[in-house]
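Accompanying notes for the structure given below.
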Amino acid sequence: MDVRTTVAALSIVWSGVSTGGTPAAETYSAILKDDGRTWCVFKDPIRFKSEAESERPTESVTITYEGATLTEMSYQVSPESGDWIVLDRYSPTKADVRVKRVIILAQANLQIIQEARIRSERTGRFHIVSVTTLDGKKAELGAVDLPSVPVKMNLLSLPPVKLAAELRLHADARPCR
């Protein structure tokens, strides 16, 4: 199993963890097709995993709702080379959106965890929470170039989130667009 498949599976597990409370969480997963424009959304995690393994998308998203509220979104980006992966977990609150970023650098054997907050459509500075090797040993960041992946600002306006919202309302909606 390569790093991209591992992180896709991690994304499913990560997003499926309930934050507690009712109503029950509803999770949708999406992949960006090779054309770079078409998103496909899946409610079934097994179908999503199958599609992700066959498509090898460079971007994927997992969206979790509790009732009518978007409670979490995980957004994964990776170049076709698979040299690195960025996985952002967005957790909206009433005051802001918390962003936890995991950066995996395969060549450097590093995993960097960072956190930031979005308030009033502005992203605060990411601060480093931890730096470890891929097998979990403490490490130093050193002079390594981190991938430049923009933070997603208005989560509800993102195409996969819009499509998941439509699928929630209309089970017969087209899952790819």
Side-chain angles (χ1 to χ4, degrees), residues 3-4 6-33 36-43 45 48-49 52 57-79 84-105 110-132 141 144-169 173 175 177:
V3 173
R4 191 180 300 173
T6 301
V7 173
L10 172 65
S11 179
I12 292 170
V13 171
W14 198 1
S15 67
V17 174
S18 176
T19 56
T22 52
E26 228 184 325
T27 300
Y28 295 81
S29 300
I31 59 171
L32 181 63
K33 299 291 246 177
R37 296 183 324 251
T38 305
W39 284 94
C40 292
V41 176
F42 306 93
K43 184 165 173 73
F48 165 73
K49 186 175 183 217
T58 57
E59 296 184 37
S60 63
V61 179
T62 304
I63 306 145
T64 304
Y65 293 92
E66 287 185 18
T69 305
L70 173 68
T71 56
E72 186 172 282
M73 183 185 84
S74 296
Y75 200 109
Q76 178 181 317
V77 180
S78 178
W84 54 264
I85 295 170
V86 173
L87 178 61
D88 287 343
R89 180 173 44 168
Y90 297 83
S91 302
T93 69
K94 290 181 181 183
D96 59 15
V97 177
R98 295 182 181 141
V99 183
K100 184 173 189 174
R101 175 170 280 185
V102 177
I103 302 170
I104 296 174
L105 303 172
L110 288 176
Q111 174 178 287
I112 300 105
I113 298 177
Q114 301 175 315
E115 291 181 344
R117 290 180 186 239
I118 302 170
R119 285 192 181 109
S120 302
E121 297 295 317
R122 293 179 191 213
T123 304
R125 219 173 247 270
F126 273 104
H127 68 275
I128 295 175
V129 174
S130 69
V131 179
T132 61
L141 188 56
V144 76
D145 289 329
L146 298 180
S148 178
V149 175
V151 171
K152 305 302 180 198
M153 297 303 278
N154 184 351
L155 303 183
L156 298 177
S157 71
L158 297 174
V161 176
K162 286 178 161 179
L163 190 51
E166 187 177 319
L167 283 173
R168 294 183 77 217
L169 295 173
R177 208 165 328 134

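Source: prediction; values computed, not measured. Residue numbers run from 1 in the order of the sequence given.
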* Asked: Does the pair Thr64 and Leu70 meet the rule for a side chain to side chain contact (heavy atoms under 4.5 Å, CB included), with working shown?
  -> CA-CA 6 Å; Thr64 304; Leu70 173 68; over 6 Å; no
* Asked: Measuring from Met73:CE to Ser91:OG, what's the distance to the nearest 0.5 Å?
  -> 10.0 Å
* Whether Ser29 side chain and Pro45 backbone form a donor-acceptor pair below 3.5 Å -> no
* Asked: For the residue pair Leu110 and Leu141, what are the closest heavy atoms and their distance?
  -> CD1-O, 4.2 Å
Can you give the donor-acceptor pairs under 3.5 Å from side chains of residues 116-123 to other protein atoms, not counting sequence neighbours?
{"unit_1": "Arg117", "atom_1": "NH1", "unit_2": "Asp96", "atom_2": "OD2", "d": "2.8"}
{"unit_1": "Arg119", "atom_1": "NH2", "unit_2": "Asp96", "atom_2": "OD2", "d": "3.3"}

* Asked: Are any of the side-chain nitrogens in Glu26 or Arg168 under 4.0 Å away from the carboxylate oxygens of its partner?
  -> yes
* Asked: Any idea which heavy atoms bring Pro57 and Leu32 closest together, and the distance?
  -> CB-O, 3.5 Å
* Given Ile85 and Val77, is the side chain to side chain contact (heavy atoms under 4.5 Å, CB included) satisfied, shown in steps? -> CA-CA 6 Å; Ile85 295 170; Val77 180; over 6 Å; no
* Passing option when Asp88 is tested against Gln76, Gln114, Arg101 for side-chain hydrogen bond (donor to acceptor under 3.5 Å, both in side chains) -> Arg101
* Structure fact -> Result for side chain to side chain contact (heavy atoms under 4.5 Å, CB included) between Arg89 and one of Lys100, Arg98, Glu115 points to Lys100
* Nearest heavy-atom pair of Val41 and Ala30: which atoms, and what distance? -> CG2-CB, 3.8 Å
* Okay, side chain of Arg177, backbone of Pro159: is any donor-acceptor separation there less than 3.5 Å? -> no
* **Heavy-atom check, side chain of Leu163 versus side chain of Pro175, under 4.5 Å** => no
* **Heavy atoms from other residues, nucleotides or ligands near CG of Asp145 exceed 12 (cutoff 6.0 Å)** => no
* Let me see the working for Phe48 and Tyr28 under side chain to side chain contact (heavy atoms under 4.5 Å, CB included), right down to the final yes or no. => CA-CA 9 Å; Phe48 165 73; Tyr28 295 81; over 6 Å; no
* Should Val102 and Val86 count as side-chain neighbours, where that means a heavy-atom distance under 4.5 Å? -> no
* For the student: nearest non-hydrogen atoms of Pro160 and Ile63, plus distance -> O-CD1, 3.5 Å
* **side chain to side chain contact (heavy atoms under 4.5 Å, CB included) assessment of Lys152 paired with Leu158** => CA-CA 8 Å; Lys152 305 302 180 198; Leu158 297 174; 3.9 Å; yes
* Test applied, side chain to side chain contact (heavy atoms under 4.5 Å, CB included); reference residue, Phe42; option that passes from Leu167, Ile31, Thr62 -> Ile31
* Structure fact -> Taken to the nearest 0.5 Å, the spacing of Leu146 CG from Trp84 CH2 works out to 10.5 Å
* Any idea which heavy atoms bring Pro79 and Thr58 closest together, and the distance? -> C-CG2, 4.3 Å
* To do: Just say parallel, tilted or perpendicular for the rings of Tyr75 and Trp39, cut-offs at 30° and 60°.
  => perpendicular
* Structure fact -> Contacts of Thr132 meeting side chain to side chain donor-acceptor pair (under 3.5 Å) (sequence neighbours excluded), chain-then-number -> none
* Asked: Can you tell me how far CG of Leu87 sits from OG of Ser60, rounded to the nearest 0.5 angstrom?
  -> 7.5 Å
